[in-house]
**Q** 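Supplied in structure tokens, the structure appears directly below.
Note that this is a predicted model, so its numbers are computed, not measured.
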Amino acid sequence: MTLRFHTLDVFTRKRFGGNPLAVVLDADPLTDEQMQTIAREFNLSETIFVMKPADSANTARVRIFFPTGEIPFAGHPTVGCAILLAQMSQPAAVDFETDIRLEEVAGLVPVQVRHADGITRAIFTAPIVPFAVNVPLPSVEEVARMLSLHPTDIGFDGHVHRLHQGGPRCFHVPLASRSALARSRVNDSIWPAMADGLGTDQVYVYTRGGEHAGTSFRARMYAPTALTPEDPATGSATALLAAQLLVADCLADGSHSWDIEQGYEMGRPSDLHLEADVRAGRLTAVRVAGEAVPMMEGTLSL
């Protein structure tokens, strides 16, 4: 069996930035075990497998794998896959706008893709509106030790650490400064037990500001128990951040947006855009946008 694949750098306009992604096309014949084996072979944070849709009104059915297991929804595979499928369906060097509908395990994910002035940008609506998870949380002191920081580095302006879910689950930890963000390191002797208690492999740390004037937050995302010591760009964790901001920043009813930097500390600058709609004090929709650039294409043989 021979299958085509593409790789892209996602949440960036520049090659060798953003988060690398592998997209395997025409993956219908593959078993779960084969998909997992291929994901381990690519050894990227995620690999997405594209199949025929269950509903012909949609573009494709997809499954997303870490090197260690399947995930029901993820942001950078959604953006990268949608951009690739949109580009493949359009004549080269032509500006376009199109809708891509991906059937993911977490639900249907609509993605709007636009190509103009040589830049291809996608914006997806999260399949599940994120929400806070009510479980016992570690103390500030415990979180600080896990991140190799001082307790005074944890939290700012009413932002405290919380756990959120919306398909995947993520532990969001606000940090008081860019210095604390740069110094943060996951303590591998503490995090596995904490991750097990929280039910997530992902700890997302963030602080206000960034490299660029319009940036709202600078972030890093660690998932060492999922064989991803640090992730350059995490669309799902960014989507879940909306639930954190709803409470921490007391968001008013209406639409809100933020530009977020990630991956800068690890030399893979990534730029993500987050939008959230609030009605009656509740999130009603969350969207994440970003660009992607093609890197490689080829075939794999099984």
**Q** Quick one: does Asp153's side chain get under 4.5 Å of Arg183's, heavy atoms only?
**A**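 Asp153 vs Arg183: side chains touch.
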**Q** So how far is it from Asp26 CG to Lys52 NZ, rounded to the nearest 0.5 Å?
**A**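 Output value for this atom pair is 6.5 Å.
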**Q** Taking atom CD as the centre, does Glu211 end up with more than 12 heavy-atom neighbours from other residues, nucleotides or ligands that are less than 6.0 angstrom away?
**A**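 Yes.
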**Q** Do we see a donor-acceptor contact under 3.5 Å between the side chains of Ser45 and Asp231?
**A**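 Per modelled atom types, Ser45 and Asp231 side chains form a pair under 3.5 Å.
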**Q** Got a donor-acceptor contact below 3.5 angstrom from the Arg220 side chain to the Glu230 backbone?
**A**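 Answer holds: no.
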**Q** When you check the gap from the basic side-chain N to the acidic O, do Arg169 and Asp201 get nearer than 4.0 Å?
**A**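 Asp201 and Arg169: not salt-bridged.
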**Q** If you define the side chain from C-beta out and look only at heavy atoms, does anything of Ile260 sit under 4.5 Å from Leu241?
**A**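 Yes, close enough: below the 4.5 Å cut-off.
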**Q** With no hydrogens and no angle check, just 3.5 Å: does a side-chain donor-acceptor pair link Tyr222 and Ser184?
**A**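 Yes - a donor-acceptor pair under 3.5 Å links their side chains.
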**Q** Less than 4.0 angstrom from a charged side-chain N to a carboxylate O is my criterion; do Asp271 and Arg13 meet it?
**A**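 Salt bridge: no.
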**Q** If I compare all heavy atoms of Leu175 with all of Thr207, which pair ends up nearest, and what's the gap?
**A**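 Where Leu175 meets Thr207 most closely, the heavy atoms are O-OG1, 2.8 Å.
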**Q** Contact between Met146 and Val203 at the side-chain level, heavy atoms closer than 4.5 Å - yes or no?
**A**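 Yes, their side chains come closer than 4.5 Å.
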**Q** So, for Pro232 and Gly18, which heavy atoms are closest and what is the spacing to 0.1 Å?
**A**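 Scanning both residues, the minimum pair turns out to be CB-O, 3.4 Å.
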**Q** Decide side-chain hydrogen bond (donor to acceptor under 3.5 Å, both in side chains) for Asp259 and Thr215; before the verdict, give the C-alpha distance in whole Å, the side-chain angles of both, and the deciding distance to 0.1 Å.
**A** CA-CA 5 Å; Asp259 289 328; Thr215 299; over 6 Å; no
**Q** Do Ser270 and Glu261 have side-chain atoms, one donor and one acceptor, less than 3.5 Å apart?
**A**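 No, Glu261 and Ser270 have no side-chain donor paired with an acceptor closer than 3.5 Å.
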**Q** Between Ser255 and Asp277, is any side-chain donor less than 3.5 angstrom from a side-chain acceptor?
**A**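 Note: Ser255 and Asp277 side chains meet the donor-acceptor criterion.
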**Q** With sequence neighbours excluded, what pairs up with Arg279 under the side-chain hydrogen bond (donor to acceptor under 3.5 Å, both in side chains) test?
**A**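 Listed in chain order: nothing, the list is empty.
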**Q** Verify whether the ring centers belonging to His164 and Phe171 lie closer than 6.0 Å.
**A**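 Not under 6.0 Å, so no.
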**Q** Could you tell me whether Glu104 and Arg61 have a side-chain N and a carboxylate O separated by less than 4.0 Å?
**A**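 No, this pair does not count.
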**Q** Does Asp249 reach the main-chain N or O of Leu251 with its side chain, forming a donor-acceptor pair under 3.5 Å?
**A**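 Absent.
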**Q** What's the shortest heavy-atom distance between Phe11 and Gly290, and which atoms?
**A**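 Looks like CD2-CA, 3.7 Å.
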**Q** Without hydrogens or angle criteria, can the side chains of Gln262 and Thr234 be said to hold a donor-acceptor pair below 3.5 Å?
**A**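 Looking only at side-chain atoms, Thr234 and Gln262 do form a donor-acceptor pair, the distance falling under 3.5 Å.
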**Q** Strictly by modelled atom types, are Gln244 and Tyr206 linked by a side-chain donor-acceptor pair under 3.5 Å?
**A**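 Yes, because at least one side-chain N or O of Gln244 sits under 3.5 Å from a partner of the opposite role on Tyr206.
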**Q** Centroid separation under 6.0 Å, is that true for the rings of His172 and His161?
**A**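 No; His172 has its ring centre 6.0 Å or more from that of His161.
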**Q** When you compare the side chain of Thr228 with that of Glu46, does any pair of heavy atoms fall below 4.5 Å?
**A**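 No - every pair of side-chain heavy atoms lies 4.5 Å or more apart.
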**Q** Give a yes or no on whether the backbone of His150 and the side-chain of Glu141 come within a donor-acceptor separation of less than 3.5 Å.
**A**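 Side chain of Glu141 to backbone of His150: no pair is present.
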**Q** Roughly how far, to the nearest 0.5 Å, is CG of Leu108 from CG of Leu102?
**A**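 Here the interatomic distance stands at 8.0 Å.
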**Q** Report the residue from Gln90, Arg114, Gln112 that forms a side chain to side chain donor-acceptor pair (under 3.5 Å) with Glu97.
**A**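 By the side chain to side chain donor-acceptor pair (under 3.5 Å) criterion, Glu97 pairs with just one of Gln90, Arg114, Gln112: Arg114.
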**Q** Can you tell me if Asn134 has over 12 outside heavy atoms packed within less than 6.0 Å of its CG?
**A**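 Open.
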**Q** Answer yes if the side chains of Ser148 and Asn187 hold a donor-acceptor pair under 3.5 Å, and no otherwise.
**A**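 Judged by distance alone, the side chains do not pair up.
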**Q** If you link I, L, V, M, F, W and Y whenever their side-chain heavy atoms are under 4.5 Å apart, who else ends up in the same group as Leu300?
**A**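 Under the 4.5 Å side-chain rule, Leu300 groups with Met1, Leu3, Phe5, Val24, Leu30, Met35, Ile38, Phe42, Leu44, Phe49, Met51, Phe65, Leu302.
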**Q** Which donor-acceptor pairs under 3.5 Å do side chains of residues 116-133 form with protein atoms, sequence neighbours excluded?
**A**
| residue | atom | partner | partner atom | Å |
| --- | --- | --- | --- | --- |
| Thr120 | OG1 | Gln87 | NE2 | 3.1 |
| Thr120 | OG1 | His115 | ND1 | 2.6 |
| Arg121 | NH1 | Glu291 | OE2 | 2.6 |

